[in-house]
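I have placed the structure first, in the form of C-alpha cells, so that the comments after it can refer back to it.
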Amino acid sequence: MDFPISIKGVLIIDDKVLLLKNERDEWDLPGGRIELGETPENCLIREFLEEVSVNVRVEQIIDSYLFEVIPDKHVFIVAYGCQLQGDFSPQISDEHQEFGLHPINQLENINIPFGYARAIKNWAKINPVHL
C-alpha cells in the first residue's frame, strides 16, 4: 500500500509554536505534499510562504511516522525543525481557518494530533534557544 508524503515544519518563537487550524478543527503544522523534483527543504520553504507568508530556514529532520488522518486514510509525515528568517508577520492563506502561537508546555490543552505534539517537543529539546 502506498501513502502520500507530507513534509511538516516546526517553527518555535519565544517558546511558542506556530500552528494552523484546519478544516477538521485541529491545529496543524505548516507544510504539505512534496512536489515532483522538489527537495523536502524546498517544499517547506514554499509551504511556509504559501500558508503564512513566513520565511524559514529548514534545519533537520526531527520526526517521521505514519498518521491516520481520518479512518482508513494514512499519510506519511516527515517533520523538520525550522528557524525564522526575517520578520515574523504571518498572513494566513485560505487553506486554513486561522494561525496561532501556542505555548509548547500547553499543547495538551489544544486539539492537535499526538505526532505533531511529539515533533514539536522533539525540536524544543534539540534546539532550546528560540527567537
Side-chain angles (χ1 to χ4, degrees):
M1 180 178 268
D2 294 330
F3 305 103
I5 297 171
S6 185
I7 310 298
K8 297 292 186 173
V10 177
L11 178 62
I12 298 173
I13 299 171
D14 295 328
D15 295 321
K16 296 178 182 175
V17 64
L18 174 64
L19 296 171
L20 307 172
K21 190 173 273 190
N22 63 29
E23 70 280 356
R24 295 181 307 279
D25 205 34
E26 296 173 330
W27 288 100
D28 195 0
L29 291 169
R33 292 195 182 174
I34 191 167
E35 295 178 357
L36 190 62
E38 188 174 49
T39 66
E41 295 83 0
N42 286 341
C43 172
L44 269 182
I45 291 167
R46 175 181 54 77
E47 289 286 351
F48 267 89
L49 283 171
E50 288 176 3
E51 294 179 351
V52 285
S53 299
V54 171
N55 288 302
V56 296
R57 182 179 68 240
V58 181
E59 296 288 328
Q60 68 186 64
I61 292 176
I62 52 175
D63 207 347
S64 63
Y65 59 95
L66 192 59
F67 175 49
E68 188 172 23
V69 180
I70 57 175
D72 296 323
K73 183 179 180 195
H74 295 80
V75 175
F76 188 74
I77 304 291
V78 181
Y80 283 78
C82 299
Q83 295 291 336
L84 180 65
Q85 296 294 286
D87 294 332
F88 184 71
S89 300
Q91 296 177 357
I92 193 83
S93 75
D94 59 2
E95 290 182 56
H96 295 90
Q97 297 170 350
E98 63 180 289
F99 76 90
L101 286 172
H102 296 270
I104 296 167
N105 63 0
Q106 295 179 20
L107 294 177
E108 64 278 355
N109 298 327
I110 64 172
N111 186 16
I112 184 171
F114 172 79
Y116 292 166
R118 183 179 68 200
I120 293 163
K121 290 175 183 177
N122 285 348
W123 185 231
K125 286 178 191 172
I126 293 168
N127 188 33
V129 178
H130 309 288
L131 299 175

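Predicted model, so just to flag it, every value in this text is computed and none were measured. This chain uses plain numbering: 1 for the first residue, then up along the sequence.
- A salt bridge between K8 and D63 is absent, with no side-chain N of the basic residue lying under 4.0 Å from a carboxylate O of the acidic one.
- Partners of E95 by side chain to side chain donor-acceptor pair (under 3.5 Å), not counting sequence neighbours: none found.
- Just one of L18, L19, I7 meets the side-chain contact (heavy atoms from CB on, under 4.5 Å) condition when paired with L29; it is L19.
- The structure places CG of N22 at 11.0 Å from CD of E98, a figure rounded to the nearest 0.5 Å.
- Atom CD1 of I126 sits about 10.5 Å away from atom CD of E59, to the nearest 0.5 Å.
- In Q91, the CD atom is not crowded: 12 or fewer heavy atoms of neighbouring residues, nucleotides or ligands sit closer than 6.0 Å.
- Listed by first and then second residue, the ring pair (Phe, Tyr, Trp, His ring centres under 6.0 Å) pairs involving residues 12-34 are W27-H102 (not counting sequence neighbours).
- Here R57 contributes atom CZ and C82 contributes atom SG; the two are 9.5 Å apart, rounded to the nearest 0.5 Å.
- Under the side chain to side chain donor-acceptor pair (under 3.5 Å) criterion, E50 pairs with R46, not counting sequence neighbours.
- With rounding to the nearest 0.5 angstrom, the NZ atom of K16 is 12.5 Å from the CG atom of L107.
- Taken to the nearest 0.5 Å, the SG atom of C43 stands 10.5 Å off from the CZ atom of F48.
- Residues passing the salt bridge (Lys or Arg N to Asp or Glu O under 4.0 Å) test with K121, sequence neighbours excluded: none.
- No donor-acceptor pair under 3.5 Å is formed between the side chain of Q60 and the backbone N or O of Y80.
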Going by atom type alone, with no hydrogens or angles, which donor-acceptor pairs under 3.5 Å involve a side-chain atom of residues 64-76 and a protein atom two or more places apart or on another chain?
unit_1: Y65; atom_1: OH; unit_2: Y116; atom_2: N; d: 3.3
unit_1: E68; atom_1: OE2; unit_2: D72; atom_2: N; d: 2.8

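- Residue D87 places its CG atom among 12 or fewer non-hydrogen atoms of other residues, nucleotides or ligands, all under 6.0 Å distant.
- Scanning for side chain to side chain donor-acceptor pair (under 3.5 Å) contacts around N55 gives an empty result, with sequence neighbours left out.
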